[in-house]
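Down below is the structure, laid out as structure tokens.
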Amino acid sequence: MNKIITGKNVVKTYGEANVLNGVNAEIAKGEFVAVMGPSGSGKSTLLFALSGMDDVSDGSVMFCDTELSSLKEHELADVRRAKMGFIFQQPTMLKNLNILDNILLPAMNAGKKDTAKLLQKAKALMKKTGIDGLENRDITEVSGGQLQRAGICRALMNEPEILFADEPTGALNSKSAEEIMDLLANLNEEGTAILLVTHDAKVAARADRILFTKDGNFVFELSLQRSSGMDMEARVEKVLAQMAAVGI
Ligand SMILES: Nc1ncnc2c1ncn2[C@@H]1O[C@H](COP(=O)(O)OP(=O)(O)O)[C@@H](O)[C@H]1O
Ligand SMILES: [Mg+2]
């Protein structure tokens, strides 16, 4: 079983509108897949459907060999907390907690009790992502890039098998964006699968594969396997050409 996520004929309807029109998607364990497409083409909806954050109107989503719709609500919440991490354009941190406590929250919510071990893990993640020293800062006292790093630490606290990222660099300047992508690429090298939505060709060019969406379905798949030996510039060129062809 080497698939971590399998979406079969996934349909999502809001009222009269079919936002996802029977999407088939497979993400392999450890794979890095990017999703690109025009605004409103259903990218975020797809991420929510494939991560079980939102239910689907028809079709099925499997995490490894578990059909998400077969799970009770608390079982689904457990799978999401233990196996999946989420990163958004703006991390939604709690205002009344400092950076460290925000990072610790998912582990606390998962019922983990060994506080010393959790603290050690949170601090190690903060060091790894370059925000050690900011433990006691208020979330309003750090930069956008630092807050996003904290969001990544939070997403990694429970050692997820897959990270879902919805435009994680969308609010960052290009230097911060590149640093965040270096981090995500490292995590992927270490084995974490990534499904990432982006508008940025440089960000998407890091992926193994790019899925292009239009009107609620995939219209093209671009393979950028690392083994192909292309340098980053050539990869970005390929992505830009495909974006133009798809009309993004
Ligand atoms: N909760 C919702 N209720 C109604 N319509 C929604 C909802 N979420 C998304 N939509 C609609 O679904 C379409 C796709 O949205 P979204 O997945 O956010 O697109 P993207 O992320 O590609 O910009 C849009 O037309 C949007 O208005
Ligand atoms: Mg979106």
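Both counts, for ligands and for their atoms, begin at 1 and track the order of listing.
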Who's the nearest protein heavy-atom neighbour of atom 19 (O) of ligand 1, and how far? Gly42 N, 3.3 Å
Measure up the Phe48 and Phe88 rings against each other and bin them: parallel (under 30°), tilted (30 to 60°), perpendicular (over 60°). perpendicular
4.0 Å heavy-atom contact, Pro38 with ligand 1: yes
Close approach, Gly37 and ligand 1, non-hydrogen under 4.0 angstrom: no
Does any N or O of ligand 1 fall below 3.5 Å from an N or O anywhere on Ser39, backbone included? no
For the pair Thr140 and Asp138, evaluate side chain to side chain donor-acceptor pair (under 3.5 Å) and give the outcome as yes or no after the intermediate values. CA-CA 5 Å; Thr140 55; Asp138 200 272; 2.9 Å; yes
Any side-chain hydrogen bond (donor to acceptor under 3.5 Å, both in side chains) pairs touching residues 33-46, not counting sequence neighbours? Ser41-Thr213, Ser44-Asp166
If you compare Ala49, Gly216, Gly40 by their heavy atoms, the one closest to atom 23 (O) of ligand 1 turns out to be Gly40
Flag the pair Lys12 and Asp58 as a salt bridge only when some basic side-chain nitrogen lies within less than 4.0 angstrom of an acidic carboxylate oxygen. no
Part of Ala17 with heavy atoms under 4.0 Å of ligand 1, whether side chain, backbone, both or neither: neither
Just to confirm my output: which protein heavy-atom neighbour is closest to atom 18 (O) of ligand 1, and how far is it? Ser44 CB, 3.7 Å
CA sep, side-chain torsions, deciding dist, call: Glu135, Lys123, salt bridge (Lys or Arg N to Asp or Glu O under 4.0 Å): CA-CA 8 Å; Glu135 288 80 0; Lys123 288 189 171 173; 5.4 Å; no
As an exercise, state the distance from CD of Gln148 to CD1 of Ile131, rounded to the nearest 0.5 Å. 10.5 Å
Verify side-chain contact (heavy atoms from CB on, under 4.5 Å) between Thr169 and Met181, making sure each step is shown before the conclusion. CA-CA 8 Å; Thr169 61; Met181 287 315 298; 4.0 Å; yes
Please report which non-hydrogen protein atom sits nearest to atom 4 (C) of ligand 1, along with the residue it belongs to and the distance in Å to one decimal place. Tyr14 CG, 3.4 Å
Taking backbone and side chain together, does Ser39 place any N/O/S atom at a distance below 2.8 Å from the Mg ion (ligand 2)? no
dist Arg154:CZ -> Leu156:CG (nearest 0.5 Å) comes out at 11.0 Å
For atom 8 (N) of ligand 1, is some protein heavy-atom partner under 4.0 Å away? yes
From the options Val197, Val19, Asp54, select the one whose nearest heavy atom is closest to atom 14 (C) of ligand 1. Val19
Any protein heavy atom nearer than 4.0 Å to atom 26 (C) of ligand 1: no
Do Lys83 and Asn158 meet the criterion of a side-chain donor-acceptor pair at a distance under 3.5 Å? no
Among all protein non-hydrogen atoms, which one is nearest to atom 15 (O) of ligand 1, and what is the separation to 0.1 Å? Thr45 OG1, 3.8 Å
